Amino acid sequence: MTDIEELLLSRIRDVADYPEPGVMFKDITPLLADPPAFTALTDALAEIAVHTGATKVVGLEARGFILGAPVAVRAGLGFIPVRKAGKLPGATLRQAYDLEYGSAEIEVHAEDLRGGDRVLVVDDVLATGGTAEASLQLIRRAGAEVSGVAVLMELAFLAGRARLEPALAGAPLKALITV
């Protein structure tokens with residue numbers, strides 16, 4: 001285990017039976033509240049953005065906003081929020097995706113992404129991969145290229161990586177921590 005993995009893991013709190021019985025929630029708020037840990041996380045994700053040749057960072061609602069915005073600033077890139085449907089004013093592109101029970105939709109402002117943009121998707125957790133997969137579809141529909149996906153934590157037991165790999169089309173998926 002690397003020093004950064006140790007640091008980040010030491011600041012993530014397990015909360016049993018949240019949001020429902022049997023679930024072990026990984027709470028990142030202690031990490032965000034610790035300036036050295038949050039800075040290390042931001043720097044590591046910004047390195048990934050630079051390494052992938054990203055020109056913009058997309059943050060997925062809602063914790064992807066918290067991580068993606070400082071990553072974009074640190075890497076000198078623009079930040080684009082991908083929101084739940086109905087939250088953005090003006091013209092948007094919308095993408096539906098399946099959840100374990102039902103479906104959901106995300107959207108982005110249509111004018112925020114263009115041909116020539118290389119986009120790194122940033123989020124806190126890769127779980128089942130549904131939201132990330134939908135974001136990759138949105139990015140490509142906007143005419144931009146996917147430079148990769150970067151997450152703080154991958155929950156390997158939910159197999160999101162396997163679901164996401166076809167949609168990545170060779171772009172890298174980087175998780176700083178895998179649990």
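Just so it is clear, the structure is predicted and the values come from calculations on it, not from any experiment.
When side chains are defined from C-beta on, Lys174 does not count as touching Val149, because their heavy atoms never get closer than 4.5 Å. Between Val23 and Asp17, every side-chain heavy-atom pair lies at or beyond the 4.5 Å cut-off. Side-chain contact between Asp34 and Arg11 is present, with heavy atoms from C-beta onward closer than 4.5 Å. When side chains are defined from C-beta on, Val122 does not count as touching Val58, because their heavy atoms never get closer than 4.5 Å. Annotation: side chain of Leu176 is in contact with side chain of Leu45 (closest heavy-atom distance under 4.5 Å). Side-chain contact between Leu41 and Leu8: present, with at least one pair of heavy atoms (C-beta onward) separated by less than 4.5 Å. When side chains are defined from C-beta on, Leu152 counts as touching Leu31, because their heavy atoms get closer than 4.5 Å. Val82 has its side chain within reach of Leu138: a pair of non-hydrogen atoms, C-beta onward, lies under 4.5 Å apart.
The closest donor-acceptor contact from the side chain of Thr39 to the backbone of Pro36 lies at 3.5 Å or more, if one exists at all. Between the side chain of Asp117 and the backbone N or O of Val119, no donor-acceptor pair lies under 3.5 Å.
Note that CD of Glu47 and OG1 of Thr42 are 12.0 Å apart. Values are rounded to the nearest 0.5 Å. Here Leu60 contributes atom CG and Ile80 contributes atom CD1; the two are 12.5 Å apart, rounded to the nearest 0.5 Å. Thr52 contributes atom OG1, which lies 5.0 Å from atom CG of Leu120 (distance to the nearest 0.5 angstrom). A distance of 11.5 Å separates CZ in Arg118 from CD1 in Ile139, rounded to the nearest 0.5 Å. Note that CG of Asp124 is 9.0 Å distant from CG of Leu32, once rounded to the nearest 0.5 Å. Here CG of Asp43 is found 11.5 Å from CD1 of Ile48. Values are rounded to the nearest 0.5 Å.
Across every non-hydrogen atom of Glu111 and Ala91, the tightest pair is OE1-O, 3.9 Å. Taking both residues in full, the closest heavy atoms of Pro81 and Leu88 are given as O-CD1, 4.5 Å, listed atom of the first, atom of the second, then distance. Annotation for Thr55 and Gly116: closest pair OG1-O, 4.4 Å, computed over non-hydrogen atoms. A pairwise comparison of heavy atoms in Pro172 and Ser147 identifies CD-O, 3.2 Å as the closest pair. A pairwise comparison of heavy atoms in Ala37 and Leu7 identifies CA-CD2, 3.9 Å as the closest pair. For Ala44 against Ile4, the heavy-atom pair with the smallest separation is CB-CD1, 3.6 Å.
Under the side chain to side chain contact (heavy atoms under 4.5 Å, CB included) criterion, Ala175 pairs with Val151, Glu154, Arg161, Thr178, sequence neighbours left out. When the side chain to side chain donor-acceptor pair (under 3.5 Å) test is applied to Glu6, no partner is found at least two apart in sequence or on another chain. In this view, Thr92 and Glu107 satisfy the side chain to side chain donor-acceptor pair (under 3.5 Å) rule, not counting sequence neighbours. The side chain to side chain donor-acceptor pair (under 3.5 Å) test applied to Glu133 returns Arg163, not counting sequence neighbours.
Under a hydrophobic clustering in which Ile, Leu, Val, Met, Phe, Trp and Tyr are joined whenever their side-chain heavy atoms come within less than 4.5 Å, directly or via other members, Val71 and Val108 fall into different clusters. Using a 4.5 Å cut-off between side-chain heavy atoms of Ile, Leu, Val, Met, Phe, Trp and Tyr, with links allowed through other members, Met153 and Val57 fall into the same hydrophobic cluster. A continuous path of ILVMFWY side-chain contacts below 4.5 Å connects Val179 to Val125, so both sit in one hydrophobic cluster. Under a hydrophobic-cluster definition in which Ile, Leu, Val, Met, Phe, Trp and Tyr are linked whenever side-chain heavy atoms come within less than 4.5 Å, directly or via other members, Leu173 and Leu155 are assigned to different clusters. Follow the hydrophobic side-chain contacts under 4.5 Å out from Ile28 and you reach Ile66 in the same cluster.
Each of His109, Glu105, Glu61 was compared with Arg83 under the side-chain hydrogen bond (donor to acceptor under 3.5 Å, both in side chains) criterion, and only Glu61 meets it.
Hydrophobic side-chain contacts under 4.5 Å tie Val15 into a cluster, directly or through other members, with Tyr18, Phe25.
No hydrogens or angles considered: nothing links the side chains of Tyr97 and Ser103 as a donor-acceptor pair under 3.5 Å.
Residue pairs meeting the ring pair (Phe, Tyr, Trp, His ring centres under 6.0 Å) criterion with at least one member in residues 26-80: none, sequence neighbours excluded.
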>> Working note: Ile106 + Arg94, criterion side chain to side chain contact (heavy atoms under 4.5 Å, CB included); need CA distance, chi angles, decisive distance, verdict.
In response: CA-CA 6 Å; Ile106 55 173; Arg94 189 176 285 198; over 6 Å; no
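Arg63 has no carboxylate O lying under 4.0 Å from a charged side-chain N of Asp123, or vice versa, which leaves the two without a salt bridge.
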